[in-house]
Structures are given as structure tokens and as C-alpha cells.
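Just so we're on the same page: letters track the sequence lines, and every chain starts at 1. What's counted below: heavy atoms across the whole structure, side chains too, no hydrogens, waters or symmetry copies.
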Protein chains: 2
Amino acid sequence: MSNGARRGGKTTREAIFAAALALAAERGITATTMDDIAARAGVAKGSLYYNFSSKDQLFDALLELELSELSARLASAREGLRGRAAIRALVEAVLQAMQEEPDLARVLVTEIFRDDRSWVRTVAVAREGFLSAFQVSCEEAAADVGHPLRNAAIVSAGVFGSALLIGLEWLLRGAQTPRGELVEQVAGDLAAVLG
Amino acid sequence: MSNGARRGGKTTREAIFAAALALAAERGITATTMDDIAARAGVAKGSLYYNFSSKDQLFDALLELELSELSARLASAREGLRGRAAIRALVEAVLQAMQEEPDLARVLVTEIFRDDRSWVRTVAVAREGFLSAFQVSCEEAAADVGHPLRNAAIVSAGVFGSALLIGLEWLLRGAQTPRGELVEQVAGDLAAVLG
DNA sequence: GTCTATAGGCTGATAGAC
DNA sequence: GTCTATCAGCCTATAGAC
């Protein structure tokens with residue numbers, strides 16, 4: 001087949017990515033072998049090395065693709081909004097992403113704190129992008145209520161951390177409450193509790 | 001040597017645990033080999049298998065030990081306190097643990113979301129213990145301000161998540177602000193921002 | 001572009017001396 | 001209890017046919 005071969009509607013590259021992401025979510029990247037990926041993708045191992053120069057490079061490319069899509073989603077969620085409304089939209093976008101791509105969420109959480117891998121830079125850049133989006137909105141929200149932040153970077157990390165664990169707990173419980181409602185409820189509850 | 005042999009003040013078992021934890025923090029458990037652990041601990045590989053039946057069992061024992069110590073610390077931090085004061089004490093205890101044992105923090109974060117390992121139950125039990133400590137205090141705090149929680153489990157997960165990412169960001173920036181001050185500041189800032 | 005076959009290195013685990 | 005020596009299996013990566 002010519003470049004961009006298709007298998008059941010997917011290019012070979014896409015099939016490889018899908019298999020690699022699913023397996024990495026199940027057992028972690030290190031424990032995922034090239035044989036596993038080839039088998040799940042329905043291609044031969046040789047095709048993996050035709051499309052990617054190594055296992056590390058495969059996962060670096062996969063993470064870069066997924067992270068750039070995620071960044072775009074967060075950016076568009078915040079578009080046209082500011083302050084508290086923007087924060088709520090960002091949190092809701094995080095929840096939506098976790099719900100729609102739980103495999104990606106799991107891989108990111110387990111890889112985002114590692115610093116010895118070849119894709120550290122890819123992940124670090126994305127992490128900072130997420131946090132800075134939250135930080136801008138947090139500073140706006142604080143200014144809006146006349147309460148300037150002393151430690152904006154740490155506060156926005158806190159908001160991001162809430163969003164992550166709230167998402168995990170929510171998914172664990174079957175994601176019953178609708179996203180918008182959940183964000184509204186929990187934001188109010190957290191403010192009351194932290195006072 | 002008789003049972004409980006010592007190497008530089010540590011029993012062999014302790015030396016093995018210390019080496020295993022440090023290596024797992026650097027590269028993850030899967031990527032840490034028994035040869036690495038033996039070399040860093042200054043013992044022969046045979047001694048690893050004399051003290052533990054397998055690599056999985058070694059890490060299960062390590063995590064169980066560390067998690068039970070962590071649980072005890074959180075429980076004693078909350079002792080005699082309720083509501084907001086208890087929440088602040090819990091968050092501060094989390095920050096202290098992350099500061100004093102960054103290796104453990106990193107390993108826990110990366111392993112806590114995996115569900116295919118032999119130590120899942122060990123980690124899951126600890127996770128639920130942490131969250132329920134937060135949940136009790138959150139419900140008290142909410143009741144104290146006449147704002148009953150609609151989703152206590154999710155809200156307490158949110159508080160725990162804040163504590164985790166706040167701790168990471170704080171450590172990343174050199175842990176300059178003293179813990180107590182940081183918790184007080186950030187709790188107020190978060191409440192203002194989330195409104 | 002995709003396949004099969006195979007090389008070469010590393011890893012978990014065991015056996016047996018001391 | 002701790003050591004050294006060694007094995008059997010698995011994993012990344014390459015070579016070459018089609």
C-alpha cells in the first residue's frame with residue numbers, strides 16, 4: 001500500500017497509536033512491549049519500526065499528538081470567558097477530556113511526574129501550558145472579588161489538582177452527575193469548606 | 001550474621017527498601033531491576049531473594065510499610081481537631097510528608113492509578129483511608145457553616161487533589177513559604193477564586 | 001509498506017558454596 | 001544469611017523477502 005495505508009478505516013500509524021495508548025493505560029509504558037502493540041494493532045512488529053525509530057520515539061510522538069489536542073481543547077473552552085466563568089469552563093473541559101479519553105488520562109497522570117524519560121520535555125511543556133491557562137483565569141477571578149493572590153502559581157496548581165482528583169472520583173462512581181452541574185456544586189462546596 | 005543483620009546501622013531489609021524506593025522514584029517500579037536494587041543497597045542479588053520471594057512481593061511489602069506509616073501520620077495530625085482546622089492540619093501533614101519523603105510521594109502518585117499490579121489492594125486500601133479522613137473533616141466543616149455537602153466524597157477528593165498538586169508545585173519552587181503559612185494563604189485564596 | 005526470522009542483550013529467579 | 005555463578009525466557013531492534 002502507498003503511504004497512509006488503511007486498516008479498517010485507520011492508517012497503520014493510527015492503529016499503532018490506538019493500541020499503544022490502550023496498553024500503556026493498562027500496564028504502564030515500560031511494561032508495554034513492542035510485540036504487544038503489534039499484536040493489538042493487527043500489524044507485524046516490523047511495521048512498528050518502519051513507522052517509528054524506537055519504542056521511546058513511538059510514545060513521544062503519541063504523547064505529543066494527544067497533548068496538543070488536549071491543549072487546543074482547553075484553549076477553546078476558555079475562549080471568550082474570564083475569571084470564575086473561565087475557571088469553571090476549564091475544569092469542565094478537563095472532566096470532559098477524562099471522560100472521553102480515560103486511557104490518555106491514566107497514562108498522563110502516571111507519566112507526568114517522571115523526569116528520566118525521553119518525552120519529559122513534551123510532557124513538561126504541556127503541563128506548563130495547562131497550569132498557565134488556569135493561572136490567568138485564577139488571577140482574574142481573584143481581582144474580580146478584590147482579593148489579589150499572593151501565590152498565583154500554587155493556587156492554580158491547587159485548582160488543577162482538584163479538577164484531576166474530582167474527575168477520577170467522579171468517573172469511579174460512574175459519572176452520574178452531569179458535568180456542568182457537578183462543577184457548579186463542587187466549586188461552591190469547596191469554597192464553603194476551605195473558607 | 002544472625003537474623004536482622006546490619007549494614008551501616010541498617011538491617012539488610014532496610015537497606016534493600018531504601019535502595020528500592022530511591023530507584024523506583026527515579027525510573028518507576030517496572031524499570032527498576034533486581035540487579036539495580038542489589039547494587040545500590042550494597043548486597044548481592046541472592047540476598048534479595050532470601051528476604052523477599054519475588055520483585056512484586058518486595059514492592060508490595062515496601063508500599064505496605066510506607067503507607068501504614070503515612071496513615072498513622074495523617075491520623076495523628078487530625079487528632080483532637082474538627083472541621084476546617086482538621087482539614088488544614090491534614091493538608092499540612094500531606095505537605096510535610098511530601099517534603100520529607102519526596103521519593104515516596106513520587107512512587108505513590110505514579111502507582112496509585114494502576115490497577116494491574118499485585119499491590120493494588122494495598123494501595124487502594126490506603127487511598128480510601130486518606131480520602132475518608134478528609135471526608136469526615138469536610139462534612140464537619142460544611143455543617144459548621146450551615147452548608148451541607150451534596151457530594152462529600154467528590155469534594156474531599158478535590159481537597160486531597162489540591163493538596164497533592166500544591167505540594168508538588170511548592171516543592172518545585174524550593175518550598176520557600178513555611179507550611180502553616182502556605183496552607184492558610186492558599187485555603188483562603190482558593191475559596192475566593194472558586195466562590 | 002508490510003511481513004517473517006533472528007540476533008543480541010537484559011532480567012527475574014534458582015542452586016549451591018561458605 | 002550472604003555470596004557467586006548460571007540459566008531460561010523475554011524484549012528491543014535489525015535484515016531481508018515479498
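- Rounding to the nearest 0.5 angstrom, the gap separating the CG atom in A:Leu194 from the SG atom in B:Cys138 is 7.5 Å.
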Name every donor-acceptor pair, under 3.5 Å, that has one atom in a side chain of residues 89-102 of chain A and the other anywhere in the protein, sequence neighbours excluded.
| from | atom 1 | to | atom 2 | distance (Å) |
| --- | --- | --- | --- | --- |
| A:Gln96 | NE2 | A:Glu100 | OE2 | 2.9 |
| A:Gln99 | OE1 | A:Arg179 | NH1 | 2.7 |
| A:Glu100 | OE1 | A:Arg73 | NH1 | 3.2 |
| A:Glu100 | OE1 | A:Arg73 | NH2 | 3.0 |

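- A:Glu184 has no carboxylate O lying under 4.0 Å from a charged side-chain N of B:Arg150, or vice versa, which leaves the two without a salt bridge.
- Separation of atoms CD1 (B:Ile16) and CZ (B:Phe52) is listed at 5.0 Å; rounding is to 0.5 Å.
- Under the 4.0 Å criterion applied to side-chain N and carboxylate O atoms, B:Arg40 and B:Glu26 are assigned as salt-bridge partners.
- The distance from atom CD1 of A:Ile16 to atom C1' of C:dT2 is 10 Å, rounded to the nearest whole Å.
- Between B:Tyr49 and B:Gly46, the one whose closest nucleotide on DNA chain C sits nearer the 5' end is B:Tyr49.
- DNA chain D is contacted by A:Thr32, A:Thr33, A:Met34, A:Asp35 of residues 29-36 of chain A, taking any non-hydrogen atom closer than 4.0 Å.
- In this structure, NZ of B:Lys45 is placed 7 Å from P of C:dG12, rounded to the nearest angstrom.
- Note on A:Arg117 versus A:Asp60: no salt bridge recorded, every NZ/NE/NH1/NH2 to OD/OE distance being 4.0 Å or above.
- We find that A:Arg84 and A:Asp144 are not joined by a salt bridge, their nearest charged nitrogen and carboxylate oxygen being 4.0 Å or further apart.
- Distance CG/B:Leu65 to CZ/B:Phe17: 6.0 Å, rounded to 0.5 Å.
- Residues from residues 51-58 of chain A with heavy atoms under 4.0 angstrom of DNA chain C, sorted by number: A:Asn51.
- Picking from C:dC3, D:dC3, D:dT2 the nucleotide with the shortest atom distance to the side chain of B:Thr12 gives D:dT2.
- Regarding B:Phe59, its CZ atom lies at a distance of 13 Å from the C1' atom of C:dG12, rounded to whole Å.
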